[in-house]
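Convention: sequence-line order gives letters A, B, ...; per-chain numbering from 1.
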Protein chains: 2
Amino acid sequence: MKHLHDFGESEEMYLKTIAELASKQDPIPVTWVAERLGISTVSASEMIHRLENRRLLEHTPYKGVCLTDEGRRRANTIIRRQRLWECFLTDKLAITWDHVHDLACRLEHATDSMVTEALADYLGHPTTCPHGNPIPSTEGEMPPPEGIPLGDLTPGEGGVILRIHPVSALLLRHLAEKRIEPGKEIEVREIAPFDGPQSILIGDEMHVLGREVAAHIMIQPNTETLGSRKLMEILG
Amino acid sequence: MKHLHDFGESEEMYLKTIAELASKQDPIPVTWVAERLGISTVSASEMIHRLENRRLLEHTPYKGVCLTDEGRRRANTIIRRQRLWECFLTDKLAITWDHVHDLACRLEHATDSMVTEALADYLGHPTTCPHGNPIPSTEGEMPPPEGIPLGDLTPGEGGVILRIHPVSALLLRHLAEKRIEPGKEIEVREIAPFDGPQSILIGDEMHVLGREVAAHIMIQPNTETLGSRKLMEILG
DNA sequence: ATGGATTATTAGGCAAACCTAATATATAAT
DNA sequence: ATTATATATTAGGTTTGCCTAATAATCCAT
Ligand SMILES: [Mn+2]
Ligand SMILES: [Mn+2]
Ligand SMILES: [Mn+2]
Ligand SMILES: [Mn+2]
């Protein structure tokens with residue numbers, strides 16, 4: 001007999017979370033997954049074993065997890081749904097930027113491919129979500145995300161905000177308050193010693209951002225202000 | 001710690017199901033609830049006790065269940081969400097009539113009141129769903145549904161289809177195939193003996209409908225064709 | 001190489017929603 | 001009043017997804 005419950009929502013969130021973390025490092029420590037999902041490492045470890053048995057990921061002990069091709073395809077399907085809903089919520093329902101991430105994170109699990117594709121049609125097949133992140137294709141392929149973290153820039157360097165790496169609503173609210181959003185010019189002015197917070201200039205306002213926050217703001221660097229060493233890194 | 005899962009979807013489906021059945025009879029036998037949800041009576045009974053403890057309904061053994069005011073309010077909130085999504089899916093995404101019921105039944109549980117009200121705004125505050133059923137208010141009040149079941153009409157009687165009482169996608173597909181939809185004229189031509197199926201005329205086509213199906217097609221009767229006995233019933 | 005920190009596993013539990021099989025109770029029909 | 005039927009409860013079990021506490025294995029830095 002089939003149950004009333006979906007019992008696939010957890011699985012989907014694991015895959016999505018791993019895919020999102022994978023753009024920062026690969027393989028992903030199980031600890032990171034647990035922390036992001038707000039559960040114990042034991043529970044995460046259990047579930048990861050189950051997903052490994054089903055060939056959706058591979059776990060190398062003491063290293064971390066990597067999605068298989070099928071796992072990544074599935075993850076990107078969920079991400080596609082979330083980002084399309086984000087577009088709908090902002091563009092059509094006029095819900096603010098910092099709210100749509102969490103709202104879409106609930107809808108994504110209740111959406112099949114028929115609705116997804118009809119929605120994509122209706123929205124005119126957008127290529128990025130309101131936070132600037134690319135929307136995967138119907139086939140579950142995602143263009144490589146662009147930009148480098150603001151946190152990697154040094155004083156004097158700056159550029160245009162390309163996207164906000166997907167993360168909790170709290171961070172988005174924090175950024176929304178300071179009017180830090182995709183498309184805007186931003187410049188690093190100062191970095192406190194001992195890997196401390198960055199002082200940044202956006203519009204005509206100065207703000208101090210913690211390293212964790214700065215790591216999620218992805219920049220298209222302004223090449224003029226950029227040190228040549230970093231230029232090499234980016235191009236080569 | 002909070003769980004990843006909602007664990008409220010079941011509760012919502014119980015309340016909604018009971019509210020929908022309540023328009024046919026009151027109180028509702030627990031058996032009906034179990035059957036509609038496709039679960040055992042034991043499971044339904046368990047859950048109904050839990051909902052009773054939380055004052056969302058009242059259960060009189062060997063009679064059935066009635067929603068409390070709070071229970072009905074909650075149920076109508078879910079119904080509002082479902083029917084607004086149904087409008088969205090048909091009007092904006094151009095998904096057919098018979099599909100939207102089930103699709104919206106998944107979205108309804110992933111939708112909070114912010115999204116619901118923004119959606120209602122966006123759709124221009126529709127008053128009925130694509131199946132003709134009334135959409136409850138923000139406060140959880142629903143206008144009394146109109147019409148009498150097609151199954152109660154006798155040969156020669158007819159009228160306009162007002163709405164299809166909410167039920168499975170199978171029934172909707174069945175009706176969609178025969179072009180039986182809200183707004184159309186329909187007339188009973190014949191009833192087979194021993195409470196058998198009805199032969200009906202819609203457009204220029206004749207169809208034979210089982211009693212169960214006919215019970216879900218709600219009619220605004222054409223008073224000229226109507227027997228005076230039934231007229232009394234309706235008006236008085 | 002060795003000790004301390006990180007990572008993984010084991011053991012034992014819990015709650016929500018389901019299930020079947022068996023039993024008990026109330027209502028309805030003869 | 002008795003019996004048959006419908007309804008309810010009890011008992012015991014499953015799966016999913018989470019938990020804590022304790023232990024074991026590995027990695028890394030000195
Ligand atoms: Mn989600
Ligand atoms: Mn986004
Ligand atoms: Mn539903
Ligand atoms: Mn409807």
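Salt bridge absent: A:Arg80 and A:Glu139 never bring a charged side-chain N and a carboxylate O closer than 4.0 Å.
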| said: A:Leu103 vs B:Met114, test: side-chain contact (heavy atoms from CB on, under 4.5 Å). Steps then yes/no. | reply: CA-CA 9 Å; A:Leu103 296 172; B:Met114 176 156 74; 3.5 Å; yes

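Applying the ring pair (Phe, Tyr, Trp, His ring centres under 6.0 Å) test to pairs two or more places apart or on separate chains, those with a residue in residues 34-60 of chain A are A:His49-A:His59.
The environment of A:Glu117 atom CD is dense: over 12 non-hydrogen atoms of other residues, nucleotides or ligands sit within 6.0 angstrom. With a 6.0 Å radius and a threshold of 12 heavy atoms from other residues, nucleotides or ligands, A:Glu20 has its CD atom above the threshold. Applying the 6.0 Å contact sphere to CD of B:Glu70 captures more than 12 heavy atoms from other residues, nucleotides or ligands.
Distance CD1 (B:Ile39) to C1' (C:dA16): 13 Å, rounded to an integer number of Å. Across the protein-nucleic acid pair, A:Glu9 atom CD and C:dA17 atom P stand 14 Å apart, rounded to whole Å. Distance B:Met13 CE to C:dA16 C1': 17 Å, rounded to the nearest Å.
Within residues 41-51 of chain A, the residues approached by DNA chain C to less than 4.0 Å at the level of any non-hydrogen atom are A:Val42, A:Ser45, A:His49, in residue-number order. Within residues 23-35 of chain A, the residues that have a heavy atom under 4.0 Å from DNA chain C are, in order of number, A:Val30, A:Thr31.
Scored by the salt bridge (charged side-chain N to carboxylate O under 4.0 Å, His left out) test, A:Glu46 finds A:Arg50 as partners (sequence neighbours excluded). With sequence neighbours excluded, the residues forming a ring pair (Phe, Tyr, Trp, His ring centres under 6.0 Å) with B:Trp97 are B:His131, listed by chain and number.
OP1 or OP2 of C:dA8 lies within a sub-4.0 Å distance of a side-chain N or O belonging to A:His59. In this model, the phosphate group of D:dC18 is approached by a side-chain N or O of A:Tyr14 to a distance below 4.0 Å at OP1 or OP2. Contact between the side-chain N/O atoms of A:Ser10 and the OP1/OP2 oxygens of D:dC18 is found at a separation under 4.0 Å.
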| message | Protein within reach of the bases, or only the backbone? For nucleotides 24-30 of chain C, mark each nucleotide 5' to 3' as B, S or -, using heavy atoms under 4.0 Å. | response | -BSS---

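No side-chain donor-acceptor contact under 3.5 Å links A:Glu11 to the backbone of A:Gly8. With hydrogens and angles disregarded, no donor-acceptor distance shorter than 3.5 Å links the side chain of A:Gln198 to the backbone of A:Arg211.
Looking only at atom types and distance, the side chain of A:Arg81 has a donor-acceptor partner in the side chain of A:Thr116 under 3.5 Å away.
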